[in-house]
2 protein chains.
Amino acid sequence: MQAALSITAKKSALPTAIPLRNDSAHAAHTACSDCVLGKLCLPQLFVTMPFDVMSAHLNTLVRSNKAVLHRKDTLFHQGSNFDALYVVRTGAIKTCLTDANGDTSVTGFYFPGDIVGLDGINTGRHTTTAVALDTTSICTLPFAALEKVASQVPDVQRHVFRIMAQEIQKEQRRLLLLSRKSAEQRVAAFLLQLSRHSSQRRLAADSFKLPMSRMDMGNYLGMAVETLCRIMTRFERQQLLQSDGRGVCAVDLDGLQAVFDSAAE
Amino acid sequence: MQAALSITAKKSALPTAIPLRNDSAHAAHTACSDCVLGKLCLPQLFVTMPFDVMSAHLNTLVRSNKAVLHRKDTLFHQGSNFDALYVVRTGAIKTCLTDANGDTSVTGFYFPGDIVGLDGINTGRHTTTAVALDTTSICTLPFAALEKVASQVPDVQRHVFRIMAQEIQKEQRRLLLLSRKSAEQRVAAFLLQLSRHSSQRRLAADSFKLPMSRMDMGNYLGMAVETLCRIMTRFERQQLLQSDGRGVCAVDLDGLQAVFDSAAE
DNA sequence: CGTGCATTTGACTACGCTCAATTCCGGTGG
DNA sequence: CCACCGGAATTGAGCGTAGTCAAATGCACG
């Protein structure tokens, strides 16, 4: 599952997402970080585009750059009308899906740079509920506008395709994780994934926040809360991590990787 | 036990795998109206478009209308270059994903009208391997051409978005299934899904083929083959289904739905 | 008409769930 | 500022579902 990531990861892990070419490009870059999506969104959305082109489109697209959610605020509800995608700037979001039997499961966590709301594209209604796990600021991308730009600018179209395909791949990896790995391996994989995400954002790879509750985490990983807790404390006893509750979590990457790889067969 | 023959009866020993090129647009068009993408693909790809507009685009898109795969032939390999999407016309396809530890899981089954290969859009390489479960004919949609048409025709663009979003939703439902439902419920849900798919194609809702092996089925549902077998025989004892091995399977829809709903919490 | 793989069934085991009891922590009011 | 409350987190004990191992049977293909 990490092998598959390595390709996309490298792209966005470059020192600065896009190399600066000249003064004008630099100017565009400044404008962009000032008022629009900011650097965070670059890796996801506009990686291959020249800066000036990109920022021109950005200005067309972004409706708001300062929406702020507080803990437990919902960004959209399951069943509500879909009209925009959202880019997380800071904080964190979880998405939940409730089925006909009332069973609810956490379908994803979204961190700075991630795009939330793709699920609504199909039917025009959101199939999940998005909730802030923390104080979170987001950008809004009205989808109609995005579609329009996408049809005018092939690169944008392609990137929307890619972003969606990425989501599909993410889900596939998670499916493989849930269906074929032990609870211990799943937790290890989850922490490694957060670590990777953290280092992609130029933050420490071995120390990051766990903004979600244990319940959410367990639910996301398809196990009971108790099981998750036990595994976390076991990992702590084995010096694989040091956790401060919901606070920062420092991990032994190699150790966790070993856990993940072990018991392969 | 009876309808199955109509599909398998076509034993024409056609050469395989490598798509044939259509020289003339006219040929493509005719073939198209006949049954190429035919009605099967309409629901998925061109639902909202007038027929004449649609078929004009189809001519641009469809490279081959008669690629035939036999049992165990692969349509594409994990890691191979992505350059086209494929529409299943008849038969069935499974996609498999192998992770770094060599663990393989079946990520999906695709039936007539379904579109295979979306996973490759992100990186330009397929992340799964697609294998025919049966004699299967497919259409090839070169992705570059599709992108081009999509950027010229907003409706097409929107439909590609939708198809991808649909895939995301499908995976999400499966995730919920795997992480929160018992093995029994998962099997019931799987059979109900096949039933729905079958009736969508105007075929009997309560009787359909199971073209995949028990192993594939179990793998797909995240359980051991033995578990799957036991559940199948249990269902049979309970008159919830009548199975002819890999052949046709007749099911009691209400009964299965009851199993699925039961044990809600 | 065998050979080899897929399927089925059985016996046993274990991983992870449930139920239950504390403990921890953040928020709230006195 | 402290005591209190409620939910989250942790820990423990026992059980059940589904996995593993093993053997028997069925089935397709040469």
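Quick note on labels: first sequence line is chain A, next is B, and so on, each numbered from 1. Every value quoted in this text rests on a predicted model; they were computed, and no experiment measured them.
Straight-line distance from the CG atom of B:D134 to the C1' atom of D:dA28: 14 Å, rounded to whole Å. When the P atom of D:dA8 is taken as reference, atom CE of A:M217 falls 16 Å away, rounded to whole Å. Here the C1' atom of nucleotide D:dA8 and the CG atom of A:L228 are 13 Å apart, to the nearest Å. The CE atom of A:M232 sits 12 Å away from the C1' atom of D:dT10 (whole-angstrom rounding). Protein atom CG of B:L221 is 16 Å distant from nucleotide atom C1' of D:dG19, rounded to whole Å. Taking atom CE of residue A:M212 and atom P of nucleotide D:dG7, one finds them 22 Å apart after rounding to whole Å. Rounded to an integer number of Å, the gap from CZ of B:R214 to P of C:dT9 is 10 Å. One can place CE of B:M215 at 11 Å from P of D:dT20, the figure rounded to the nearest angstrom.
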In 5'-to-3' order, the base (B), backbone-only (S) or no-contact (-) status of each nucleotide in nucleotides 11-18 of chain D, using a 4.0 angstrom heavy-atom cut-off, is BBB----S

Apply side chain to side chain donor-acceptor pair (under 3.5 Å) to the pair B:D119 and A:Q169, showing each step before the final yes or no.
-> CA-CA 6 Å; B:D119 61 276; A:Q169 284 185 289; 5.9 Å; no

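The backbone N or O of A:S262 sits less than 3.5 Å from a side-chain atom of A:Q185, completing a donor-acceptor pair. Of the possible donor and acceptor atoms, none in the side chain of A:S199 sits under 3.5 Å from a partner among the backbone N and O of A:R202.
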Side chains of residues 75-82 of chain A: which donor-acceptor partners sit under 3.5 Å, not counting sequence neighbours?
residue : atom : partner : partner atom : Å
A:Q78   : OE1  : A:T98   : N            : 3.0
A:Q78   : NE2  : A:T98   : O            : 2.9
A:S80   : OG   : A:H77   : N            : 3.4
A:S80   : OG   : A:H77   : O            : 2.7
A:N81   : OD1  : A:R125  : NH1          : 3.4

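With A:Y220 as the aromatic partner, A:R174 meets the cation-pi criteria of under 6.0 angstrom to the ring centre and within 45 degrees of the ring axis.
A side-chain hydrogen bond (donor to acceptor under 3.5 Å, both in side chains) with A:T95 holds for exactly one of A:T107, A:T128, A:T127; it is A:T107.
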